Amino acid sequence: MTAPIIRQLAALRAKHSDWIRAGERVAVVPTMGALHPGHLSLVEAAKAACDRVIVTIFVNPKQFNNPEDLANYPRTEHEDAIKLAPYGVDVIYVPDPDQIYPDGFASTVSVAGVADQMEGACRPGHFDGVATVVAKLFLQTGAHQAFFGEKDYQQLLVVRRMARDLDIPIEVVGCPTVREASGLAMSSRNMRLSAAAVAQAGALHPILTKLATQLAAGGDFTLLGKAAEAAILAAGFDKLEYLSLCCAEDLSALDSADRPARLFVAAWLEDVRLIDNVAV
């Protein structure tokens, strides 16, 4: 049985009020739809942790800086509801646009520091859009916990910082990246790749893990990173946007893994932008 779809904030808050009166804990899994096993792993984690689970589906125009990318983003609400049915989700919140951005909406949440590099530098305004919509969803759902995938690790840190700085009483939980059989990190964008490209893109993860192993052994990123960049392009990727080694806590750039760190990559294949990261 599929969960009820709610499109109005007032109806969502009525449900939430009943749950809070009953002393129940509420989880939210924010998504833009086009659900895949990575999203569903977040739903599983939310179900294990809380009494009630809200999955939100909202394709947020404010986090796209390419209108064509927004237009091409898959919208699969009916299929998503079917995929969620076995998980016993309590509500699928698919807000009408005016429930998120009513007429005259004029506020933006901007997070400095962890949002400035990598995705923030390559996609100006992207994290402002993310932080703004997620702040709205946190406040609208009143959830105790929110679940995000580590595939978007920078986004996870941005959301955590936003919630902490704004005193939103919610715990932001990071969950492990789920991968295709090829090793490619699962993403809604993978739907736009041919089967051959999905297999080809699987080369990205082994290159990252090999580099992470070398760095953990004390290697120098300046030298090893150049070799990894060459390997990524040799694997057939059209363009490499960045390959970065950063502190896992604040995303400051590193030359060596002298503290807990992560490797981050963004690369293009078949006009699709793919990102990934691994711990060092």
Side-chain angles (χ1 to χ4, degrees), residues 2-17 19-20 26-35 39 42-43 46 52-81 83-84 89-111 115 119-120 123-149 152 154-156 158-173 187-189:
T2 59
I5 293 176
I6 290 179
R7 303 185 190 277
Q8 297 290 310
L9 176 57
L12 178 66
R13 283 187 167 159
K15 285 267 191 190
H16 180 268
S17 295
W19 298 337
I20 296 304
V26 180
V28 63
V29 181
T31 83
M32 294 204 299
L35 302 184
H39 294 115
L42 304 181
V43 176
R52 301 287 183 174
V53 176
I54 303 167
V55 174
T56 71
I57 298 175
F58 183 70
V59 181
N60 176 32
K62 290 190 179 294
Q63 69 189 71
F64 288 84
N65 40 5
N66 182 342
E68 185 178 346
D69 203 15
L70 173 61
N72 289 336
Y73 199 88
R75 287 149 172 91
T76 56
E77 179 183 313
H78 176 70
E79 294 84 352
D80 291 342
K83 289 176 184 178
L84 289 169
V89 168
D90 296 279
V91 164
I92 304 172
Y93 182 45
V94 189
D96 291 333
D98 67 352
Q99 300 298 286
I100 301 294
Y101 302 123
D103 286 345
F105 186 86
S107 299
T108 299
V109 178
S110 184
V111 179
E119 294 300 288
R123 304 173 65 188
H126 168 70
F127 281 129
D128 289 356
V130 169
T132 301
V133 77
V134 172
K136 295 266 306 191
L137 292 171
F138 283 0
L139 295 169
Q140 289 188 352
T141 61
H144 298 91
Q145 290 183 298
F147 292 78
F148 289 81
D152 297 290
Q154 186 176 13
Q155 172 180 274
L156 173 65
V158 168
V159 168
R160 279 181 175 158
R161 180 64 58 86
M162 176 274 294
R164 188 187 73 181
D165 288 355
L166 298 184
D167 298 319
I168 299 176
I170 192 168
E171 179 189 1
V172 178
V173 181
S187 169
S188 302
R189 297 175 190 274

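Everything numeric in this text was worked out from a predicted model, so none of it was measured. Note that these values count all heavy atoms, side chains included, but never hydrogens, waters or copies made by symmetry.
Between Ala146 and Ile170, the shortest heavy-atom contact is CB-CD1, 3.7 Å. Closest heavy-atom contact between Val29 and Ala46: CG2-CB, 3.9 Å. Across Gly120 and Phe127, no two heavy atoms sit closer than the pair N-CE1, 3.6 Å. Of all heavy-atom pairs between Phe147 and Ala27, the closest is CE1-CB, 3.8 Å. Across all non-hydrogen atoms, the minimal contact from Ala81 to Thr2 is O-CG2, 3.7 Å.
Under the 3.5 Å distance criterion, with hydrogens and angles disregarded, no donor-acceptor pair is assigned to the side chains of Asp128 and Thr108. Between the side chains of Glu171 and Gln145, at least one donor N or O sits under 3.5 Å from an acceptor N or O.
Of the inter-residue distances, the one linking Gln63 atom CD with Leu70 atom CG reads 9.5 Å to the nearest 0.5 angstrom. Residue Phe64 holds its CZ atom at 8.5 Å from NE2 of His126, rounded to the nearest 0.5 Å. Here the straight-line distance linking atom NZ of Lys136 with atom CG of Asn60 works out to 11.0 Å at 0.5 Å rounding. Taking NZ of Lys62 as the reference point, atom OG1 of Thr132 lies at 7.5 Å (rounded to 0.5 Å). With values rounded to the nearest 0.5 angstrom, Arg13 atom CZ is found 9.5 Å from Thr141 atom OG1. Put simply, CD1 on Ile5 and CD1 on Ile92 are 5.0 Å apart, with the number rounded to the nearest 0.5 Å.
Using a 4.5 Å heavy-atom cutoff, the side chains of Val109 and Leu166 are in contact. Using a 4.5 Å heavy-atom cutoff, the side chains of Leu137 and Ile100 are in contact. Residues Tyr73 and Glu68 are not in side-chain contact: their nearest non-hydrogen atoms beyond the backbone lie 4.5 Å or more apart. Put simply, the side chain of Met162 does not reach to within 4.5 Å of the side chain of Val130, judged on heavy atoms.
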Test log, rule side chain to side chain contact (heavy atoms under 4.5 Å, CB included), inputs His144 and Ile20 | CA-CA 10 Å; His144 298 91; Ile20 296 304; 3.7 Å; yes
*Give the intermediate values and the outcome of side chain to side chain contact (heavy atoms under 4.5 Å, CB included) for residues Val91 and Trp19.*
CA-CA 12 Å; Val91 164; Trp19 298 337; 3.9 Å; yes
Query raised in the report: Going through the distances and angles, do Val159 and Phe148 end up as a side chain to side chain contact (heavy atoms under 4.5 Å, CB included)?
Result: CA-CA 9 Å; Val159 168; Phe148 289 81; 4.0 Å; yes
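In this structure Arg75 satisfies the side chain to side chain donor-acceptor pair (under 3.5 Å) test with no other residue, sequence neighbours excluded. For Arg160, the side chain to side chain contact (heavy atoms under 4.5 Å, CB included) partners two or more places apart in sequence, or in a different chain, are Leu156, Leu157, Val172. Take Tyr101 and apply the ring pair (Phe, Tyr, Trp, His ring centres under 6.0 Å) test, not counting sequence neighbours, and it matches Phe105. Here Leu35 pairs with Thr31, His39, Asp80, Lys83, Leu84 under the side chain to side chain contact (heavy atoms under 4.5 Å, CB included) rule; sequence neighbours left out. Annotation: side chain to side chain contact (heavy atoms under 4.5 Å, CB included) contacts of Asp96 (sequence neighbours excluded): Arg7, Gln8, Asp98, Gln99. Judged as a side chain to side chain contact (heavy atoms under 4.5 Å, CB included), and not counting sequence neighbours, the contacts of Ser187 are Lys151, Arg189, Asn190.
Panel note: side chain Ser188, backbone Ala34; a donor-acceptor pair is recorded below 3.5 Å.
Taking the centre of each ring, Tyr93 and Phe58 stay at or above the 6.0 Å mark.
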